[in-house]
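Structure first, commentary second.
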There are 2 protein chains.
Amino acid sequence: MPPTARERVRAELTAEITAAARRQLAEVGAAALSLRAVARELGMASSALYRYFPSRDDLLTRLIIDGYDALGAAAEAADDPAAPPRERWLAVCRAVRAWAREHPHEYALLYGSPVPGYAAPRDTVPAASRVGVALGRVLGDAARAGALPDTDGERDPGLVSEEAVAVLGGEHPALDEAVRVRALLAWSALYGTLSFELFGHFAGSVQDADRYFDRAMGELAGLIGL
Amino acid sequence: MPPTARERVRAELTAEITAAARRQLAEVGAAALSLRAVARELGMASSALYRYFPSRDDLLTRLIIDGYDALGAAAEAADDPAAPPRERWLAVCRAVRAWAREHPHEYALLYGSPVPGYAAPRDTVPAASRVGVALGRVLGDAARAGALPDTDGERDPGLVSEEAVAVLGGEHPALDEAVRVRALLAWSALYGTLSFELFGHFAGSVQDADRYFDRAMGELAGLIGL
DNA sequence: TCGATGTGAGAGCAGTGCTCTCTGTCGAGA
DNA sequence: TCTCGACAGAGAGCACTGCTCTCACATCGA
């Protein structure tokens with residue numbers, strides 16, 4: 001059956017709340033996100049918000065999932081399956097960086113310190129893995145196309161879990177443990193680089209952030225074998 | 001002249017405050033660190049704390065500097081100048097990880113999302129660079145000992161700043177732009193790996209965190225040429 | 001000894017997340 | 001068509017936060 005009028009207006013208001021919260025998030029950051037301020041912006045009593053989100057943490061969860069989804073969508077959109085693997089890897093990395101620079105507070109919410117007393121619920125996992133899946137697709141396609149150089153078949157099983165294997169390109173002879181570990185390392189290095197840039201840890205070390213990022217991601221591509 | 005009795009008791013109480021704050025930090029995290037709770041623990045009025053720290057942010061700054069110093073000291077203590085470069089690199093990385101795992105909240109305070117509305121003052125910079133300096137010493141010693149393989153002398157000046165060059169081993173023919181960029185990348189990759197581990201982003205991907213970390217840091221050492 | 005300085009306490013302000021109660025409205029079933 | 005129950009919003013209130021101000025007291029140097 002179609003949604004009733006009440007359900008429609010409820011969905012609308014829910015969307016308005018998350019939109020206002022996202023706006024506030026971009027302005028003051030997650031830690032300073034205030035339910036009352038959101039209510040003020042919408043011209044309603046703070047207590048009324050609790051009809052839509054049982055707690056501030058639930059509102060944060062909504063924002064986290066939305067953030068992961070937006071970031072994942074940006075990464076997927078930047079991936080051109082027809083391009084050479086190395087270019088695909090660089091394109092996805094650049095897209096992640098572009099999104100992070102456009103939404104620094106959301107990035108911090110996703111990849112910065114966890115909010116104390118708040119544990120991300122299971123619902124966030126699928127959205128959170130989208131970027132990893134996108135990178136894994138590049139890896140898997142490269143392996144299937146024979147674009148990954150043969151390794152010495154190094155074996156060190158038990159380092160990377162089954163789930164990660166599935167994400168990181170699936171089973172393929174060219175994707176041995178060594179390649180997967182490097183891919184995982186490159187993945188976290190991407191976020192290490194971004195965090196350092198956005199959180200100001202490069203301080204004066206890096207002159208031209210754009211060029212440094214491209215060089216760094218190129219090094220990582222080389223490390224994986226792309 | 002010797003410190004007066006007043007100065008002595010003042011210094012003592014200041015130390016007690018930071019100790020209580022650090023204890024609270026370890027329990028509830030930076031975002032939930034409450035001045036009033038610290039005061040309660042010390043059995044004094046919250047307003048009295050403001051005689052010692054003009055604001056909560058100043059107390060946080062103190063904790064941040066102390067944290068950087070403790071982390072830096074751990075890194076320096078783990079470095080044995082007589083060991084081979086690769087072992088030195090791994091030892092420092094392991095020490096950083098060990099400290100981070102023992103003080104996750106402090107690590108999050110140092111390398112997680114910046115506290116909104118709070119800009120780290122200049123005073124934190126020297127303490128913050130200690131780990132970088134320790135890693136840079138390993139790199140410089142390796143270069144001077146001829147332990148770094150010759151690169152193709154790739155030149156891409158302007159990527160890494162003068163200050164970073166000074167930290168990353170100083171001037172040496174074996175330390176060209178390529179090596180420095182890789183060192184910087186490895187440095188941020190170390191923190192990317194730690195953040196992923198501590199903030200739970202590896203989720204189910206990594207089975208044995210200890211072994212994975214060693215492998216990953218080994219890959220980074222190889223990337224630099226150690 | 002006296003005045004300047006440092007110190008702590010208490011009250012109070014504006015803000016927070018959250019709960020509870022009360023009122024009004026809307027819509028589906030009798 | 002009427003009624004009753006589910007739902008939505010408002011307001012007051014609780015316990016908490018960082019921070020400021022004033023007031024009383026202790027200490028210490030001239």
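Naming: A, B, ... by sequence-line order, numbering from 1 per chain. Computation of the quantities below employed the complete heavy-atom set of this structure, encompassing side-chain atoms and omitting hydrogens, waters and symmetry-equivalent molecules.
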Which whole-number value in Å describes the distance from [X] [atom1] to [N] [atom2]?
X: B:R40; N: D:dA15; atom1: CZ; atom2: P; answer: 13 Å
X: B:R56; N: D:dT20; atom1: CZ; atom2: P; answer: 14 Å
X: A:L49; N: C:dG17; atom1: CG; atom2: P; answer: 9 Å
X: A:Y50; N: C:dC20; atom1: OH; atom2: P; answer: 12 Å
X: B:L59; N: D:dT17; atom1: CG; atom2: P; answer: 14 Å
X: B:L35; N: D:dC19; atom1: CG; atom2: C1'; answer: 9 Å
X: A:F53; N: C:dT19; atom1: CZ; atom2: P; answer: 16 Å

* Does the B:H201 side chain pair with the main chain of A:L110, one donor and one acceptor, at a distance under 3.5 Å? -> yes

* To do: Sort and list the pairs that fulfil ring-ring contact (aromatic ring centres under 6.0 Å, His included) and have at least one residue in residues 26-70 of chain A, not counting sequence neighbours.
  => A:Y68-A:Y111

* For A:D80, side-chain hydrogen bond (donor to acceptor under 3.5 Å, both in side chains) partners two or more places apart -> none

* By a strict heavy-atom criterion of less than 4.0 Å, which residues belonging to residues 15-27 of chain B are in contact with DNA chain C? -> none

* Sort and list the pairs that fulfil side chain to side chain donor-acceptor pair (under 3.5 Å) and have at least one residue in residues 21-34 of chain B, not counting sequence neighbours. => B:R22-B:D66, B:R23-B:E41

* Under 4.0 Å between any heavy atoms, over every strand shown, what does B:L33 touch: base, sugar-phosphate, or nothing? Just pick one. => sugar-phosphate

* Listed partners of A:F202 passing ring pair (Phe, Tyr, Trp, His ring centres under 6.0 Å), at least two apart -> A:F196, A:Y212

* Reading nucleotides 7-14 of chain D from the 5' end, what letters show protein touch, with B for base, S for backbone sugar-phosphate only, - for no heavy atom under 4.0 Å? -> -BBBB-B-

* Asked: Are side-chain heavy atoms of B:T193 and A:S188 found at a separation under 4.5 Å?
  -> yes

